[in-house]
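The structure appears below as structure tokens.
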2 protein chains.
Amino acid sequence: MSIETKNIIVEKVKTSKIDQVDFDNLAFGSVFTDHMVVCTFKNGEWETPTIMPYQPITLDPSSKIFHYGQSIFEGMKAYKDKDNDIYLFRPLDNFKRLNISAERMCIPQIPEEYFMNSLTTLLQLDKEFIPTKEGSSLYIRPFMFASGNGFHASPANEYKFIIACAPSGAYFSGKVKVLIEEKYSRSANGGVGFAKTGGNYAGQFYPTQLAVAKGYNQVIWTDDSTHEFIEEAGAMNIFIRINDTLITGPTSDRILDGITRKSILEIAKDQGIKTEVRKITVKEVIEAAENGSLKEMFGAGTAAVISPISSFGFRETDYDLPEIENSFNQRLKKIITDIQYNKSEDKFGWRYKVKV
Amino acid sequence: MSIETKNIIVEKVKTSKIDQVDFDNLAFGSVFTDHMVVCTFKNGEWETPTIMPYQPITLDPSSKIFHYGQSIFEGMKAYKDKDNDIYLFRPLDNFKRLNISAERMCIPQIPEEYFMNSLTTLLQLDKEFIPTKEGSSLYIRPFMFASGNGFHASPANEYKFIIACAPSGAYFSGKVKVLIEEKYSRSANGGVGFAKTGGNYAGQFYPTQLAVAKGYNQVIWTDDSTHEFIEEAGAMNIFIRINDTLITGPTSDRILDGITRKSILEIAKDQGIKTEVRKITVKEVIEAAENGSLKEMFGAGTAAVISPISSFGFRETDYDLPEIENSFNQRLKKIITDIQYNKSEDKFGWRYKVKV
């Protein structure tokens, strides 16, 4: 193995902790690999990225991450095929989206070279942590946050870019029950809903806990002005199949431009599935559920992959989705995961082979 | 001096760093006192608060604060009078609001005893850091954040409650120029705008930077649905005087329930100033500016105290506020700061003397 270290400082662990990982019983994102990428923005520029042993981060109590929420992240996965070759899925899309989030949150742009070189070098070092079990993968978490100090409510002058990885199993176990939310909201017009920033997630926990107490797994958010339109599920974009048409809402400044979402749209079109990207009203979903034209609902995201929804609640009523054969969600999930795990041809050019 | 240490562990510094503080040239929130309070929530309960030397915090890279934005804070000040007695201003209101923010952000409630005892013990220890210079005070930052680990997007199982203090000068230097914002928004209906949570601040930085580039200091936010109503200024609530009526918007799930805001309302009523708490349209403010009935605008907040606005921008036009004598803002600021610094009677019962 030759590690390309173009402008990266590499400090290897003395002893790997891979023996402590139970690859047969992986939860999501709770055990970590040997190494991490750390890159510091200071004095107006990014310093040389360093790969170092996975270790705690030390910050001043006045560090702005604790006070003013300047934080963004990405979710990616690395997959291993039967030959132990390693693949990423559309990684440049994650890189670009990270910088889109960065701009909105006043965090400096990370250069593509820093992102891609440090990521692939990290994967080369920690490749043994990439699970091979069906449904498992190495979850990759690039993130950036304000590490500069001071209580003034203004952007920090120092930032950290970090990549940490966790060999992970499925995000959801089993089918997902969702609640269409009408009181609480995820994001504002002109807000930060399209950015993968911490605050978008923290704000969802309380309404989600209320939903969980009622027996649901996740909330489906509606627009905050009228609550008439389906937006997204917080950790997933939402797809709805009415008869044989697959529908998802348009992205906006409130909705994350999901990479799984846009991949599904392309695969569906390629498969001859009729797709519509348009606003979806809660009303039409209820009507479709009642008249039997609502065939499927599913969430789509890097962590959740494609997660079928078994039922949804709205105003004290639960609507069960039918069990159908040859569902779009199963078909689309097989196609996308076959591309990801190098089990099929990649006609879209989405697979990215990591040199080892 | 006797330090009451009811259920508090106190670890004092060996050497104070007070000699390093330039009390004549204090910025806002950038130098810190000798000690800090740290209290950890773990295994379902708060551990005993510890006062320790101000020092870095160490966290796992997967700590949820870096990823999912579970963070809240308060802003308070300690004031010294001519006898070197120490006062807080309505501290129980900060305590209560911290827990209101905590509930919305799925952070555990901190008990009143933990908050008040650790705060007052900290102030006893670090009392020499409380500035005496006019307009200066000790800025106190209680904050709480998710310190538990893991990439699953769900509330953490561990939290930190910390109080850090910074001897501080004025937040704004001079008068403030604001821009009424119509594109970007601060908060959603059903969102977290009423909570003092990090994400509310991070989301404001980019639009504020755009405003700063045009020569303004701050943005005045409008509602995200119509942009017709004045909301708040992010770090301040907004007051508008039309003729002799002092108007501020009602609090809501989008607007912070400011302690300075509600104190001003009470003082104004007591002073015989006509007040209105109602929705304020941008249109009426523009009309009032044009017909001369707009007499004053000012921001109100713990950090900013009462900050007069010298002009506001709206759609490429700047509207200057008149220079007037005996302004409400000067009068109200004198009354509130006289109470805070124990220069006047405290008929409202807001002052809280810290035992030393």
Side-chain angles (χ1 to χ4, degrees), chain A residues 27-30 32 36 54-63 65-71 73 103-106 139 141 143 145 149-155 162 164 166 168 171 183-192 197-203 205-206 208-209 224-225 234-235 303, chain B residues 27-30 32 36 54-63 65-71 73 103-106 139 141 143 145 149-155 162 164 166 168 171 183-192 197-203 205-206 208-209 224-225 234-235 303:
Chain A
F28 181 85
S30 56
F32 308 97
M36 64 197 268
Y54 185 90
Q55 64 192 270
I57 299 163
T58 299
L59 293 164
D60 193 81
S62 78
S63 183
I65 179 63
F66 298 125
H67 306 276
Y68 302 124
Q70 268 186 295
S71 70
F73 70 91
E103 183 183 22
R104 183 63 180 85
M105 307 316 289
C106 272
Y139 184 76
R141 172 56 59 93
F143 62 107
F145 65 88
N149 301 336
F151 292 149
H152 201 281
S154 48
I162 297 179
S168 294
Y171 191 85
K183 180 180 174 188
Y184 296 101
S185 303
R186 180 180 169 277
S187 62
N189 301 298
V192 301
T197 182
N200 287 338
Y201 296 79
F205 291 165
Y206 180 72
T208 302
Q209 271 196 347
D224 82 303
S225 301
Chain B
F28 181 85
S30 58
F32 309 97
M36 63 197 267
Y54 185 90
Q55 62 191 271
I57 299 163
T58 298
L59 293 164
D60 193 81
S62 77
S63 184
I65 180 61
F66 297 126
H67 307 277
Y68 302 125
Q70 269 186 294
S71 71
F73 69 91
E103 183 183 23
R104 183 63 180 86
M105 306 316 289
C106 272
Y139 185 77
R141 173 54 60 92
F143 61 106
F145 65 88
N149 303 336
F151 293 148
H152 201 283
S154 48
I162 296 178
S168 294
Y171 192 84
K183 180 180 174 188
Y184 296 102
S185 303
R186 180 180 169 276
S187 62
N189 300 296
V192 301
T197 182
N200 286 339
Y201 296 80
F205 291 165
Y206 181 72
T208 301
Q209 271 197 347
D224 82 303
S225 301

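What you see below is based on every heavy atom in this structure, not just the backbone, and it leaves out hydrogens, waters and symmetry mates.
A centroid separation of 6.0 Å or more is found between the aromatic rings of A:Tyr201 and B:His67.
Highest contact tally toward chain A, considering only B:Gly69, B:Pro155, B:Gly150, B:Ser30, is held by B:Pro155 [criterion: heavy-atom pairs under 4.5 Å]. With respect to chain A, the highest number of heavy-atom pairs below 4.5 Å among B:Ser225, B:Ala164, B:Ala27, B:Pro61 belongs to B:Pro61. Heavy-atom pairs under 4.5 Å with chain A peak, among B:Ser63, B:Gly198, B:Ser71, at B:Gly198. Between chain B and the options A:Gly190, A:Ala153, A:Gly199, A:Gly234, the largest number of non-hydrogen pairs under 4.5 Å is found for A:Gly190. For the set A:Glu103, A:His152, A:Gln55, A:Gln70, the entry with the most heavy-atom pairs within less than 4.5 Å of chain B is A:His152.
A donor-acceptor pair is defined here as one N or O able to donate and one able to accept, closer than 3.5 Å; such a pair exists between the side chain of B:Asn189 and the backbone of A:Asp224. Formation of a donor-acceptor pair under 3.5 Å by the A:Tyr68 side chain with backbone atoms of B:Thr197 is not found in this model.
Residue contact with chain B, scored on non-hydrogen atoms closer than 4.5 Å, involves the side chain of A:Phe73 exclusively. At a 4.5 Å heavy-atom cutoff, the contact between B:Phe205 and chain A is made by backbone and side-chain atoms alike. Contacts of B:Phe145 with chain A are made by side-chain atoms alone, with heavy-atom separations under 4.5 Å and no backbone atom involved.
If you take OH on B:Tyr54 and OG on A:Ser62, they are separated by 4.0 Å, rounding to the nearest 0.5 Å. Once rounded to the nearest 0.5 Å, the distance linking CD1 of A:Ile57 with CD1 of B:Ile57 reads 12.0 Å. From A:Gln209, atom CD reaches atom SG of B:Cys106 across 3.5 Å, with rounding to the nearest 0.5 Å.
Considering every non-hydrogen atom in both B:Ser185 and A:Ala188, the closest pair reads CB-CB, 4.2 Å. The heavy-atom pair separating B:Phe28 from A:Phe151 by the smallest distance is CE2-O, 3.8 Å.
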TODO: Walk me through it: do A:Asp60 and B:Phe32 pass the test side-chain contact (heavy atoms from CB on, under 4.5 Å)?
DONE: CA-CA 11 Å; A:Asp60 193 81; B:Phe32 309 97; 4.2 Å; yes
- [ ] Carefully, step by step, assess A:Arg104 and B:Tyr184 under the rule side-chain contact (heavy atoms from CB on, under 4.5 Å).
- [x] CA-CA 11 Å; A:Arg104 183 63 180 85; B:Tyr184 296 102; 3.7 Å; yes
